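Taking it in order: structure first as structure tokens, then the write-up.
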Amino acid sequence: QVQLIESGGGLVQAGGSRRLSCAASGRTFSSYAMGWFRQVLGKEREFVAAISPRAGNTYYADSVKGRFTISRDNAKITVYLQMNSVKPEDTAVYYCALVATTRITTQALKTVRAYDYWGQGTQVTVSS
């Protein structure tokens, strides 16, 4: 069983920065891709960013490209989402997730259904 615990959410002013963390336990973390998604009440959960097991490849939604950075520290079994130049439309509950397979396409990494384990989410609110 895998447990993912997000932290770092809170209130941030537009134009500011915030770093989210996701601590994992219960599985060989370094073998699997990880992702960040976000969801606004009443809307579907959407892809934000993903990272390959060895951190050699990263992928971003167009809406956050150039502003957000995903990274991971396999020794600390933690994945991060550095959010810079945040905008009010970045307000959402942010979830980290893990893909429990080593064979997955880049396109699949951007879909909710590809992920097997999810954290409980952390709220990020951007004030204008």
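Because the structure is a prediction, the values reported are computed rather than measured.
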- Do F68 and L20 share a hydrophobic cluster (ILVMFWY, side-chain heavy atoms under 4.5 Å, transitive)? yes

- Test item: E6 side-chain N/O and Q120 main-chain N/O as donor-acceptor pair under 3.5 Å: yes

- Give the cluster check for V86 versus Y80: same hydrophobic cluster or not, with ILVMFWY residues linked at side-chain heavy-atom distances below 4.5 Å. no

- Message: When you compare the side chain of L11 with that of S127, does any pair of heavy atoms fall below 4.5 Å?
- Response: yes

- Task: Working to the nearest 0.5 Å, report the span between OG of S30 and CG of D73.
- Result: 11.0 Å

- In this structure, NZ of K65 is separated from OG1 of T58 (nearest 0.5 Å) by 9.5 Å

- Message: Can you confirm if the NZ or CZ of R18 lies within 45° of the ring axis of Y94 and under 6.0 Å from the centre of its six-membered ring?
- Response: no

- Query: Roughly how far, to the nearest 0.5 Å, is OG1 of T78 from CD1 of I5?
  - Reply: 10.0 Å

- With T125 via side chain to side chain donor-acceptor pair (under 3.5 Å) - residues at least two apart: Q123

- Distance from R19 atom CZ to S71 atom OG, nearest 0.5 Å? 7.0 Å

- Which distance, rounded to the nearest 0.5 Å, do you find between the CD of E44 and the CD of Q39? 8.5 Å

- Could you identify which residues cluster with Y59, counting Ile, Leu, Val, Met, Phe, Trp and Tyr as linked when any side-chain heavy atoms lie under 4.5 Å apart, either directly or through a chain of such contacts? F37, F47, V93, Y95, V99, I104, L109, V112, Y115, W118

- Does the side chain of I70 reach to within under 4.5 Å of the side chain of V79, using non-hydrogen atoms? yes

- Item | Residues Y60, V48; criterion side-chain contact (heavy atoms from CB on, under 4.5 Å); working and verdict | CA-CA 6 Å; Y60 298 94; V48 175; over 6 Å; no

- Note on the structure: Here the salt bridge (Lys or Arg N to Asp or Glu O under 4.0 Å) pairs for residues 81-96, sequence neighbours left out, are R38-D90, R67-D90

- Query: Are L4 and I51 co-members of a hydrophobic cluster defined by side-chain heavy atoms under 4.5 Å apart?
  - Reply: yes

